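All residue numbers refer to positions in the sequence shown, counting from 1. What's counted below: heavy atoms across the whole structure, side chains too, no hydrogens, waters or symmetry copies. Just so you know, these numbers come straight off a predicted model, no measurement behind them.
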Amino acid sequence: MKNCATCGMPLEKKEDFALGDENAKFCAYCVNSDGSVKSGEEIFKGGVEFFLEALGGERSFAEKITRKNMSRLPYWQEHGFESIKGEMATDEEFQTAMSRL
């Protein structure tokens, strides 16, 4: 199974892929209508909102999980942005959070 290069979302069905293109590296949530990748800040914000809704808890924890998730993706290792530079979840916190999804 493929995962989005910018947020890690599993790409399982055609509508999950950017612009419905099953060869795309990105999900439908991480691109603009012209197919360009959204900014790191926009994707970070979306990740925080996702983890808040999916896991509950405090915003600061959702931010730490999002940083950990995004920082492990090669795309963000090459395209850094300001919000990724904060405190991250530990490996244990991250694995526990992922197992709850």
Side-chain angles (χ1 to χ4, degrees):
M1 173 185 346
K2 287 177 74 173
N3 292 71
C4 177
T6 54
C7 74
M9 177 181 141
L11 302 173
E12 300 174 322
K13 353 178 243 281
K14 186 174 181 170
E15 54 268 14
D16 293 340
F17 290 84
L19 306 177
D21 177 359
E22 293 177 297
N23 294 311
K25 300 188 305 185
F26 310 106
C27 74
Y29 301 103
C30 290
V31 297
N32 297 305
S33 60
D34 65 359
S36 62
V37 176
K38 291 182 179 179
S39 72
E41 298 296 338
E42 288 176 285
I43 294 171
F44 179 80
K45 181 180 176 188
V48 170
E49 294 301 321
F50 169 78
F51 286 118
L52 271 174
E53 185 175 317
L55 302 173
E58 296 182 18
R59 182 172 203 83
S60 62
F61 183 70
E63 289 174 355
K64 288 174 24 175
I65 293 294
T66 302
R67 279 189 198 98
K68 180 73 165 186
N69 182 53
M70 291 178 75
S71 70
R72 67 186 182 82
L73 299 170
Y75 185 89
W76 297 116
Q77 292 169 4
E78 296 175 20
H79 303 87
F81 62 97
E82 196 59 35
S83 290
I84 206 168
K85 297 178 184 176
E87 184 180 359
M88 284 188 219
T90 65
D91 289 342
E92 184 178 330
E93 288 172 324
F94 184 74
Q95 291 304 323
T96 300
M98 295 298 104
S99 72
R100 292 179 48 207
L101 297 179

Residue Glu15 excluded, over 12 heavy atoms near CD under 6.0 Å: yes

Which atom of Trp76 lies closest to which atom of Gly40, heavy atoms considered: CH2-CA, 3.3 Å

Verdict with supporting geometry, Ser71 and Gln77, side chain to side chain contact (heavy atoms under 4.5 Å, CB included): CA-CA 6 Å; Ser71 70; Gln77 292 169 4; over 6 Å; no

Closest approach of Ala54 to Leu101 (non-hydrogen atoms, all atoms of both residues): CB-CD2, 3.6 Å

Phe61, CZ: over 12 other non-hydrogen atoms inside 6.0 angstrom: yes

Minimum heavy-atom distance Val31-Lys38, with the two atoms named: O-CE, 3.4 Å

Heavy-atom pair with the smallest gap, counting every atom of Val48 and Ala62: O-CB, 3.7 Å

ILVMFWY network linking Phe50 to Leu55, side-chain heavy atoms under 4.5 angstrom: yes

Residues Lys2 and Asp16 bridged, charged N to O under 4.0 Å: no

Same apolar cluster: Phe44 and Leu52, side chain cutoff 4.5 Å: yes

Side-chain touch Leu73/Thr6, heavy atoms, less than 4.5 angstrom: no

Minimum-distance pair of heavy atoms, taken over all atoms of Cys7 and Ile43: CB-CG2, 4.3 Å

Side-chain donor-acceptor pair present, Ser60, Glu63, cut-off under 3.5 Å: no

Intermediate values then yes/no, side chain to side chain contact (heavy atoms under 4.5 Å, CB included), Ile65 and Met98: CA-CA 9 Å; Ile65 293 294; Met98 295 298 104; 4.1 Å; yes

Side chain proximity check, Met88 to Lys64, heavy atoms < 4.5 angstrom: no

Residue pair Lys68 / Asp91, side-chain heavy-atom distance below 4.5 Å: yes

Reported CD-to-OG distance for the pair Glu41 and Ser83, which is rounded to 0.5 angstrom: 3.5 Å

Nearest-0.5 Å distance, CG of residue Asn32 to CZ of residue Phe26: 11.5 Å

Smallest separation among heavy atoms of Glu87 and Arg67, with atom names: O-NH1, 2.9 Å

Inter-residue atom distance Asn3.CG - Glu12.CD, 0.5 Å rounding: 9.0 Å

Phe81 and Met70: CA distance, side-chain angles, deciding distance, side chain to side chain contact (heavy atoms under 4.5 Å, CB included) verdict: CA-CA 11 Å; Phe81 62 97; Met70 291 178 75; 3.5 Å; yes

Check against side chain to side chain contact (heavy atoms under 4.5 Å, CB included), Glu49 and Arg59: CA-CA 8 Å; Glu49 294 301 321; Arg59 182 172 203 83; 3.0 Å; yes

Atom pair OH/SG of Tyr29 and Cys4 - distance to nearest 0.5 Å: 11.0 Å

Asn23 side, atom CG; Lys25 side, atom NZ - distance, nearest 0.5 Å: 12.0 Å

Donor-acceptor contact present, side-chain Gln95 to main-chain Glu92, <3.5 Å: no

Parallel, tilted or perpendicular: rings of Tyr75 and His79 (30°, 60°): parallel

